[in-house]
Amino acid sequence: MATNLNSFDAIYQVVQLIPKGKVTSYGAIAAYLGMKGGARMVGWAMNASHTLENVPAHRVVNRNGILTGKNFFGGNRMQELLEEEGIQVKEDKIIGFQQHFWDPSSEL
DNA sequence: CATTTGACAGAGG
DNA sequence: CCCTCTGCCAAAT
């Protein structure tokens with residue numbers, strides 16, 4: 001797919017496609033977009049996306065299921081959003097991460 | 001144009 | 001699981 005999408009836009013699309021109550025990792029998104037190993041780029045996109053509203057970056061965590069970007073959300077905002085979607089978060093990390101994991105490469 | 005940086009990932013200890 | 005080092009890619013300065 002990747003219809004006329006610029007670097008960041010493609011990432012925003014995938015993040016917006018994450019089902020409610022699900023989460024994914026930067027690497028999974030990067031791999032889906034073909035930039036395996038470019039996971040850092042995904043984080044960069046999120047940094048730019050945090051100014052947007054339709055990008056549920058709170059559903060994107062690192063490979064360990066840790067809310068790496070919670071600091072960018074402003075306090076416990078990220079954790080609250082996840083808990084509202086049925087995801088339990090403890091000490092900045094998702095409980096049963098694999099259980100809530102959503103892989104774009106498999107689901108899309 | 002070269003260097004630094006960044007919300008990562010994987011391997012090793 | 002935590003810490004450290006290396007590898008990757010693109011944007012920002």
Side-chain angles (χ1 to χ4, degrees):
Chain A
M1 359 189 329
T3 58
N4 307 333
L5 295 175
N6 293 325
S7 341
F8 289 166
D9 287 339
I11 296 173
Y12 302 148
Q13 295 294 326
V14 177
V15 175
Q16 290 171 27
L17 282 171
I18 301 174
K20 193 171 196 277
K22 294 284 183 177
V23 292
T24 191
S25 65
Y26 301 91
I29 296 173
Y32 173 68
L33 295 176
M35 357 175 182
K36 192 175 183 181
R40 309 179 89 165
M41 183 65 263
V42 178
W44 242 104
M46 295 292 102
N47 186 28
S49 83
H50 96 82
T51 57
L52 306 174
E53 306 142 36
N54 293 331
V55 184
H58 60 272
R59 291 183 187 149
V60 185
V61 296
N62 74 354
R63 67 163 180 99
N64 214 17
I66 299 172
L67 282 51
T68 27
K70 85 159 227 172
N71 205 20
F72 283 63
F73 267 75
N76 54 342
R77 184 75 178 283
M78 188 172 185
Q79 178 172 332
E80 287 182 15
L81 287 167
L82 288 171
E83 289 182 335
E84 255 185 70
E85 298 188 358
I87 299 175
Q88 301 237 322
V89 179
K90 184 69 174 178
E91 297 291 292
D92 298 351
K93 67 181 178 240
I94 296 175
I95 297 178
F97 174 51
Q98 296 197 26
Q99 187 175 283
H100 296 285
F101 185 66
W102 178 82
D103 186 355
S105 301
S106 295
E107 306 300 320
L108 299 180

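Proteins get letters first, then strands, A, B, ... in listed order; numbering begins at 1 in each.
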Within the sub-3.5 Å range, which N or O atoms of nucleotides 2-7 of chain C have a protein N or O partner, and how far apart are they?
from, atom 1, to, atom 2, distance (Å)
C/dG7, O6, A/R40, NH1, 2.8

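- The only member of A/H100, A/M78, A/K70, A/K93 that meets side-chain contact (heavy atoms from CB on, under 4.5 Å) when paired with A/V61 is A/M78.
- A/F72 belongs to no multi-residue hydrophobic cluster, having no ILVMFWY side-chain contact under 4.5 Å with any other such residue.
- Rounded to whole Å, the distance from CD1 on A/I94 to P on C/dC1 is 13 Å.
- If you check B/dC8, B/dA9, C/dA10 against the side chain of A/T68, the one that comes closest is B/dC8.
- In the set B/dG6, B/dA7, B/dC8, B/dG6 carries the atom at the smallest distance from any side-chain atom of A/W44.
- The separation between A/L33 atom CG and C/dC8 atom P is 19 Å, rounded to whole Å.
- The distance from atom CD1 of A/I11 to atom C1' of C/dC8 is 14 Å, rounded to the nearest whole Å.
- In this structure, A/R59 atom CZ and B/dA7 atom C1' are separated by 17 Å, rounded to whole Å.
- Within a 6.0 Å sphere centred on CG of A/D103, heavy atoms belonging to other residues, nucleotides or ligands number more than 12.
- To the nearest angstrom, P of C/dC8 lies 13 Å from NZ of A/K36.
- Side-chain proximity of A/F72 to the nucleotides C/dA10, B/dA7, B/dA9 is greatest for B/dA7.
- Counting heavy-atom neighbours within 6.0 Å of A/Q88 CD, excluding the residue itself, gives a total of 12 or less.
- A salt bridge between A/R59 and A/E85 is present, with a side-chain N of the basic residue lying under 4.0 Å from a carboxylate O of the acidic one.
- The residue A/A57 sits close to a base: some heavy atom pair falls under 4.0 Å.
- Note that CD of A/E80 is 7.5 Å distant from CD of A/E83, once rounded to the nearest 0.5 Å.
- Atom NE2 in A/H50 sits about 15 Å away from atom C1' in C/dA11, given to the nearest Å.
- Taking atom CZ on A/F8 and atom C1' on C/dA10, their separation rounds to 7 Å, with Å as the unit.
- A/K70 has its NZ atom 15 Å from the P atom of B/dC8, to the nearest Å.
- Taken to the nearest 0.5 Å, the CD1 atom of A/I29 stands 12.0 Å off from the CE atom of A/M41.
- Counting non-hydrogen atoms under 4.0 angstrom, A/N47 reaches a base of the nucleic acid.
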